[in-house]
Amino acid sequence: MSQQPILEIRDLRASVEGKEILKGINLTVNPGEVHAIMGPNGSGKSTLAQVLAGHKAYEVTGGEALLHGNDLLEMDPEERAREGVFLAFQYPVELPGVNSTYFLKAAVNAVRKHRGEEELDAADFLALVRQKMKVLDVGEALLKRSVNEGFSGGEKKRNEIFQMAVLEPTLAILDETDSGLDIDALRVVADGVNKLRGSENGMVLVTHYQRLLEYIVPDVVHVLYNGRIIKSGGKELALELEEHGYDWVKEHAEEVGVGQ
Amino acid sequence: MSTDLETIQHVTESEYKYGFATDIDTEAVPPGLNEDVVRLISAKKGEPEWLLQWRLKAFRHWQKMEEPTWHNVHYPPIDYQSIIYFAAPKKKAKSLDEVDPELLEMYEKLGIPLNEREALAGVAVDAVLDSMSVATTYKDKLAEKGIIFCSFSEAVREHPELVRQYLGSVVPHTDNYFAALNSAVFSDGSFVFIPKGVRCPMELSTYFRINAQNTGQFERTLIVAEDGAYVSYLEGCTAPMRDENQLHAAVVELVAMERATIKYSTVQNWYPGDKEGRGGIYNFVTKRGICAGRASKISWTQVETGSAITWKYPSCILKGDDSIGEFYSVAVTKNYQQADTGTKMIHIGKNTRSTIVSKGISAGFGQNTYRGQVKVAKGADNARNYSQCDSMLIGDRCGAHTFPYLEVSNPTAQLEHEASTSKIGEDQIFYCNQRGISTEDAVSMIVNGFCKEVFRELPMEFAVEAQKLLAVSLEGSVG
C-alpha cells in the first residue's frame, strides 16, 4: 500500500541576511520513518530545522515543502505546529513566570481547536500529562515550574521531549537534541524518543555526532554539506562517517561538485 | 514576510473599551478657579464652616505653589482656569432605588452592577461619577458590624468628628501641588471606618468614572482601621474617549492603628489617549498611608494600564514599631503613554519592614519610570527593605527608567535592591508559536508571567480582571 509521505521537500533553498544557506534540499519522510541528518558545523542542518518550523529570520528563496501534500511554507509557524510539526529546539528558551502546565495546556488546546476537537479541561489535561510523565519517567515537579526557567541543559532537552510526547506530533524535528548532554541524559532522551516512534509519525533527527544514533536507530541517514544533501544511506552510513570524519565528506563533496 | 521585530514594533490600534459617554443631565459650575468657586463647591455640598475654612487655606497655599517639574513626564502647561471643578448628576438619589436608570445602565455597561441582588458577591461598591458619589451598596449589612462605608460627603454630614480628626492627617494640604489643589476643590470620594477588632467581611470597592467634558475629577478617599481591624479595599476607574486631556488629581489617606491591616488595590484604566497620543487623563494622584500603631500593616497593589500620564507614589509611613509596608505595582505604557510611578517607604519605628515589587511594561512609544524612596530614620533600629524593580520592553521605541533613592540614618538597617530589564524576545514568541500558540496569546502569557508576583497580591476575582485588562491593553502591540 502506498501512503502519502508526511513530508516532501523539493529543491528547497533558503538564505539568511542575503546569504544562501540551503542550496536545494530534497528529502521525503514517510510515515513510520526516522531520518537522521548529519553534517559538519555550518552545513545548514539547523537552518533546515528552523525553515521547516517557519522561523522568520530565514527567507525561502526557492523550492517547496509539503506536509501531507499541503504547502508547508505558506503556513504561519503556529499553523504548522497545529498541523502536527514539532521542533525540539537546540536552545529551548526560558519563559519566566509562565507556568509549564499552563503553557502546555494552551499548546495542546491550540492543536485540538485547530482540529475541531473539544478543548481539554483541567482534569482531562492533567490525566494526559500524568500518563505521559509515567512513560517518560518525568517528575511531577516539572509541572509546577516556569517553562525552562532555571533548568539545566539536560532538563531543558528532556522538557522538549516531554512536550513532544504530550503534543504527539506527526512530524517531529529534533535539532541537535543530543548536544550538551552527558551519557545518562542522552540515554533518557533517546529512550523517550524511541517510545514515541510509531507507524503514523515521522521524525527528523538533526545531529552532529553519531553517538545519538547508537540509541535511536534511524531508517535513513543523510549527509548534509554546504547546503545540499550529498549522500544518503542506511544506518551504516553514520558509522562510516564516524570512522572517516567529515573530511571524508568534504572530499566526497568535491567529487560530486558541491564544494565551496 | 515581515520580521518579528517589525510585528512587535507595530503599534497597537486596539480600542479603549470604556470610551463611551453617557448623556446624563449634569450640574456644573463654570470653568475656572478662585475663592468663590471654592466657596460655591462647599456651599453646594452644604458643608460646615470648618471644612470651608480648610479648603480655603489649601487654596491660598496652592496659589503660592509651583507645579512640580522633577518628574520624568512631559506635557504642555495645564490651564487651570479652563477646567470645570465641579460637575454632578442633577438628579440626587437618596437610596439605590432612586438612582437614575440611565446611570445604572451606564454602570451595567461598565460591568459594575449597582443593584445589590446582581452585584458581585462579597463586594460592596461605592460609585463615583464625575464629582459625586451616586450609589453605595451593602451599606446596611456593613453597618451591623459598625463599619462605615459611604461617600465622603455623607461622612462629612453624618460623621463630622471622624472626618475632622483624620482629614489631612496623612497628606496635609501643604504636601504637594496636586494635593493642595485637591484639598481646595475635592468634591466627593469614599470614606471607610472599621472599628476596633472588626474584620470587614467583604471587599470594599469604589468605582470612579469621569463622564462630563472638560471636567477635572478631584476625589478624596479616607480609610481608618482601628486597633486589630482588617479591610481590603479596591478602586477601579474609567473615562470616555475625548480629544482633550482631563485632569484627575485625587488624594487617598490610610490610617492603620495597632495590629490593623489595610490592603488597598487599584486597577486604574482611565482613558489613555489615542494611538497618536491625543487626549487621555492626567492622573496626578497622592496616596499615602500611615502605620500609626504597633504591628500594623499597609499593602498597596496597583495595576496601572490607563491614563495619558500617571504620576503617583502610594507610600507608607511606618511609624509603629514592627509595622509593615508593601507596594506591588504593574504599570503598562503603550502608544504615547507616560508613567512616573513608584513608592516611598519611610521607616520610623523599630523593626519595621517594607517590600517593593515594581513591574514596568513599555510598548510602542511608551515611557515608564519607576521612582522609589526608602528612608530609614535614626530611631528605626533593624529596619528592613527589599526592593525589586523589573522592566519589560516590547519593541525598541519605548523606554524604561529606574530612579531608586535610599536615605539611611540608622546603621542597623538592611536594604536590598534588585533591578532587571528584559525584552520580549522574538525567540520567546517563536518558541510559543512553534507550540501552536498565537503571537497575541504568547505576549499575554509572557507579560502575565512577568507580572505574576503582583497579580497574586490582588483579590482573586480582580486578579482575573487585571490579567484580562493587561491582555486587552496590549492587544495589537504585537502582531
(request) Check each atom of A:Y91 against the heavy atoms of chain B and say whether the ones under 4.5 Å are side chain, backbone, both or neither. (result) neither
(request) Please state whether the side chain, the backbone, both or neither of B:Y431 comes within less than 4.5 Å of a heavy atom of chain A. (result) both
(message) Taking side chain as everything from C-beta outward and backbone as N, CA, C, O, which of these in A:E94 sits under 4.5 Å from a heavy atom of chain B? Side chain, backbone, both or neither.
(response) backbone
(request) Could you tell me the separation between the CD atom of B:Q434 and the CG atom of A:L52, rounded to the nearest 0.5 Å? (result) 10.5 Å
(request) Would you give the length of the straight line joining atom CD of A:E78 to atom OG1 of B:T439, rounded to the nearest 0.5 angstrom? (result) 5.0 Å
(message) I need the B:D441 CG to A:N109 CG distance, nearest 0.5 Å.
(response) 11.5 Å
(request) Could you look at A:L167 and say if it's the side chain, the backbone, both or neither that has a heavy atom under 4.5 Å from chain B? (result) side chain
(request) Could you tell me the separation between the CG atom of A:N99 and the CG atom of B:N448, rounded to the nearest 0.5 Å? (result) 12.0 Å
(message) Counting only non-hydrogen atoms closer than 4.5 Å, does A:P169 touch chain B with its backbone (N, CA, C, O), its side chain (CB onward), both, or neither?
(response) neither
(request) May I ask you to test the A:P96-B:Q428 pair for a side-chain heavy-atom distance under 4.5 Å? (result) yes
(message) Counting only heavy atoms not in A:Y102 (residues, nucleotides, ligands), do more than 12 fall under 6.0 Å from its OH?
(response) no
(request) Tell me, yes or no, whether the heavy-atom count around A:R82 atom CZ, taken from other residues, nucleotides or ligands under 6.0 Å, exceeds 12. (result) yes
(message) Looking at B:R435 and A:A107, would you say the former's side chain and the latter's main chain have a donor-acceptor pair under 3.5 Å?
(response) no
(request) First locate atom CG of A:D76, then atom OG of B:S438, and finally report the distance between them rounded to the nearest 0.5 Å. (result) 10.5 Å
(request) Look up atom CG in A:L95 and atom CD1 in B:I429, then write down how far apart they are to the nearest 0.5 Å. (result) 10.5 Å
(request) Tell me, for B:C432 versus chain A, whether the close heavy atoms (under 4.5 Å) come from the side chain, the backbone, both or neither. (result) both
(request) Below 4.5 Å from any heavy atom of chain B, which atoms of A:V147 appear? Answer side chain, backbone, both or neither. (result) side chain
(message) Looking at every heavy atom in both B:G436 and A:A81, which two are closest together, and how far apart are they?
(response) N-CB, 3.3 Å
(request) Find out whether A:K56 and B:F430 are in side-chain contact, i.e. whether some heavy atom of one side chain is under 4.5 Å from a heavy atom of the other. (result) no
(message) Shorter than 4.5 Å, heavy atoms on both sides: which option in B:A442, B:S422, B:G449 has the most such pairs with chain A?
(response) B:G449
(message) Counting only heavy atoms not in A:K113 (residues, nucleotides, ligands), do more than 12 fall under 6.0 Å from its NZ?
(response) no
(request) Count the heavy atoms of every other residue, nucleotide or ligand shown that sit under 6.0 Å from CD of A:E117, and state whether that count exceeds 12. (result) yes
(message) Would you say CZ of B:R371 has more than 12 non-hydrogen atoms from neighbouring residues, nucleotides or ligands within 6.0 angstrom?
(response) yes
(request) Quick one: closest heavy-atom pair of B:D427 and A:H55, and the distance? (result) OD1-NE2, 4.0 Å
(message) Counting neighbours of CD on A:E119 that are heavy atoms of other residues, nucleotides or ligands and sit closer than 6.0 Å, is the number greater than 12?
(response) yes
(request) Flag the pair A:V98 / B:K452 as yes when at least one side-chain heavy-atom distance between them is below 4.5 Å, and no otherwise. (result) no
